[in-house]
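Both counts, for ligands and for their atoms, begin at 1 and track the order of listing. Quantities reported herein were computed from a predicted structural model and do not represent experimental measurements.
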Amino acid sequence: MLDAEMMTAVLAALPDPAFLISRSGKYVAIYGGQDVRYYHDGTSLIGQYISDLVKPEKANWFIATIERALDSKELLIEEYELSNKDVKGLSDEGPVEPIWFEGRIKALDFKIDEEGVVLWVASNISQRHELETRLRQQSDTDQLTGLFNRRRLERELSYHFNAFKRHGYAVSILMFDLDHLKLLNDSCGHHAGDQAICKIAQICQESLRQTDITCRFGGDEFVIVLPHLNLDQANTTAERLRVAVEQAFLHNHQLHTQENIPVNISISIGVTEVSNQDDSYEQALKRADKALYQAKRGGRNRVVSA
Ligand SMILES: Nc1nc2c(ncn2[C@@H]2O[C@H](COP(=O)(O)OP(=O)(O)OP(=O)(O)O)[C@@H](O)[C@H]2O)c(=O)[nH]1
């Protein structure tokens with residue numbers, strides 16, 4: 001059997017720090033987590049209160065989580081970010097960058113100083129978190145342009161469609177397509193076609209608001225979701241974008257065929273606003289697609305709304 005001394009040694013050897021924290025947020029004890037590559041020494045925290053050590057917003061979250069663990073008696077698993085700069089009184093020795101933690105929090109069935117206590121094991125998951133973030137970004141991003149891809153667009157449309165239904169704020173959609181890209185590819189080469197696609201992506205990013213969501217839908221088709229813009233405002237935005245593309249290629253990025261004939265690049269845009277009659281975002285997207293088709297049929301380099 002293990003004696004008390006052995007138990008103390010076992011607890012001290014725990015790879016991840018394990019805190020005992022009371023309902024009021026007092027650090028009662030800490031065990032393990034002594035590898036400075038992963039953790040800061042937390043012994044200076046003992047006897048102190050979370051609310052005195054971290055900013056109010058974060059402290060409130062810690063206290064609420066402790067209360068939830070105590071009241072539910074369930075094992076809670078929570079991810080959170082913390083830097084030693086966020087916690088008063090921690091030494092500088094240890095990781096420099098903020099750490100992503102996975103906290104495993106469980107109520108203990110005894111009290112200390114008449115207060116419920118939880119065991120809070122904080123594991124450093126920064127590497128895993130960074131990998132997850134990178135993978136999520138990659139799976140949401142179009143490789144050529146760096147814009148969001150169709151998969152991410154569907155998520156955004158779904159989110160804003162539901163928000164429209166619930167909160168009633170306007171949501172508009174632009175769908176646009178390069179004019180005569182095939183001709184450009186054939187006369188100037190595929191690389192010039194790629195360059196034109198990238199330049200247009202850049203123009204979108206420069207001329208739209210940060211809250212607008214620009215996506216490469218596929219090939220030479222793009223979709224932009226404009227939260228909080230009604231049809232009139234979306235038409236104005238579309239026209240501004242059309243002109244910006246036309247002007248950019250006319251003045252700064254004029255492309256030429258191998259015979260040195262200038263090639264004018266333009267886009268055709270379909271615009272629509274999500275309406276109460278729409279049962280799904282797909283209906284609105286189809287409307288924008290039809291308007292785009294009309295813009296092409298009407299002679300290209302124009303905006304049509306539906
Ligand atoms: N360079 C390049 N070309 C692409 C890419 N994706 C699609 N295309 C080409 O873009 C052309 C798109 O064809 P369409 O949209 O039907 O026709 P278009 O020539 O653009 O003519 P309109 O859209 O009718 O004005 C096809 O020839 C595709 O091969 C890409 O990533 N790079």
Side-chain angles (χ1 to χ4, degrees), residues 135-157 172-208 212-226 234-272 281-306:
L135 285 177
R136 208 174 307 120
Q137 269 167 1
Q138 279 171 4
S139 72
D140 280 354
T141 306
D142 169 55
Q143 275 200 327
L144 180 67
T145 59
L147 296 178
F148 288 148
N149 57 19
R150 185 172 185 154
R151 176 194 162 102
R152 175 63 181 260
L153 169 72
E154 283 166 3
R155 239 179 32 236
E156 294 288 343
L157 277 172
S172 291
I173 299 173
L174 310 188
M175 188 178 231
F176 74 85
D177 182 302
L178 269 78
D179 297 327
H180 300 306
L181 181 60
K182 185 171 175 349
L183 198 65
L184 175 68
N185 279 334
D186 292 348
S187 54
C188 301
H190 206 265
H191 180 62
D194 281 359
Q195 277 187 317
I197 288 175
C198 289
K199 182 66 203 166
I200 287 169
Q202 189 193 339
I203 294 169
C204 289
Q205 282 175 319
E206 284 167 4
S207 58
L208 297 170
D212 300 338
I213 301 143
T214 309
C215 311
R216 185 170 178 214
F217 196 58
D220 61 345
E221 265 190 336
F222 295 73
V223 171
I224 303 174
V225 185
L226 303 167
N235 268 321
T236 307
T237 302
E239 183 57 18
R240 204 179 65 228
L241 188 62
R242 184 195 69 74
V243 171
V245 169
E246 188 180 50
Q247 295 297 310
F249 282 97
L250 214 51
H251 298 302
N252 306 324
H253 303 279
Q254 177 85 70
L255 296 167
H256 294 84
T257 64
Q258 275 139 13
E259 296 78 30
N260 212 25
I261 300 166
V263 181
N264 292 330
I265 302 291
S266 58
I267 56 174
S268 298
I269 310 181
V271 187
T272 198
Y281 70 77
E282 283 92 346
Q283 283 186 354
L285 205 54
K286 267 193 198 143
R287 220 167 31 249
D289 194 21
K290 273 192 186 157
L292 166 58
Y293 180 70
Q294 293 303 325
K296 291 278 182 190
R297 289 201 50 178
R300 297 181 174 76
N301 191 20
R302 67 197 56 217
V303 175
V304 170
S305 64

> Please determine if I197 has a nitrogen or oxygen closer than 3.5 Å to a nitrogen or oxygen of ligand 1.
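No: no nitrogen or oxygen of I197 is under 3.5 Å from one in ligand 1.
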> Just to be sure I read this right, does ligand 1 sit under 4.0 Å from the backbone of D177, its side chain, both, or neither, counting only heavy atoms?
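The side chain, only.
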> Of the backbone atoms (N, CA, C, O) and the side-chain heavy atoms from C-beta on, which set of K296 has a member under 4.0 Å from an atom of ligand 1: side chain, backbone, both, or neither?
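Side chain only.
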> Write out the residue and atom name of the closest protein heavy atom to atom 26 (C) of ligand 1, then the distance separating them to 0.1 Å.
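Heavy-atom neighbour on the protein nearest atom 26 (C) of ligand 1: K182 CB, 4.5 Å.
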> Taking D140's backbone N and O only, do any of them form a donor-acceptor pair with R155's side chain (distance below 3.5 Å, no angle check)?
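Answer holds: no.
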> Given 3.5 Å as the limit, does a donor-acceptor pair link the side chain of N149 with the main chain of S139, or not?
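Yes, N149 side chain to S139 backbone: donor-acceptor pair under 3.5 Å.
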> Mark the output for R216 as yes if a heavy-atom distance to ligand 1 is under 4.0 Å, and as no if none is.
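The answer is yes: ligand 1 sits under 4.0 Å from a heavy atom of R216.
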> Do F222 and I267 come within less than 4.5 Å of each other through their side chains, counting heavy atoms only?
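They are not in side-chain contact.
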> Have a look at ligand 1 and work out which part of R300, if any, has a heavy atom under 4.0 Å from it: side chain, backbone, both or neither.
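The part of R300 near ligand 1 is the side chain, not the backbone.
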> Got a donor-acceptor contact below 3.5 angstrom from the S268 side chain to the N301 backbone?
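Yes: the side chain of S268 pairs with the backbone of N301.
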> Ignoring hydrogens and angles, tell me if any N or O in the side chain of T272 forms a donor-acceptor pair with the backbone of A306 under 3.5 Å.
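Yes, because the side chain of T272 sits within donor-acceptor range (under 3.5 Å) of the backbone of A306.
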> Measure the distance from atom 7 (C) of ligand 1 to every protein heavy atom, then report the residue, atom name and distance (to 0.1 Å) of the closest one.
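The protein heavy atom lying closest is G219 CA, 3.6 Å.
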> For ligand 1, indicate whether the residue L181 contacts it via side chain, backbone, both or neither (heavy-atom separation under 4.0 Å).
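The part of L181 near ligand 1 is both the backbone and the side chain.
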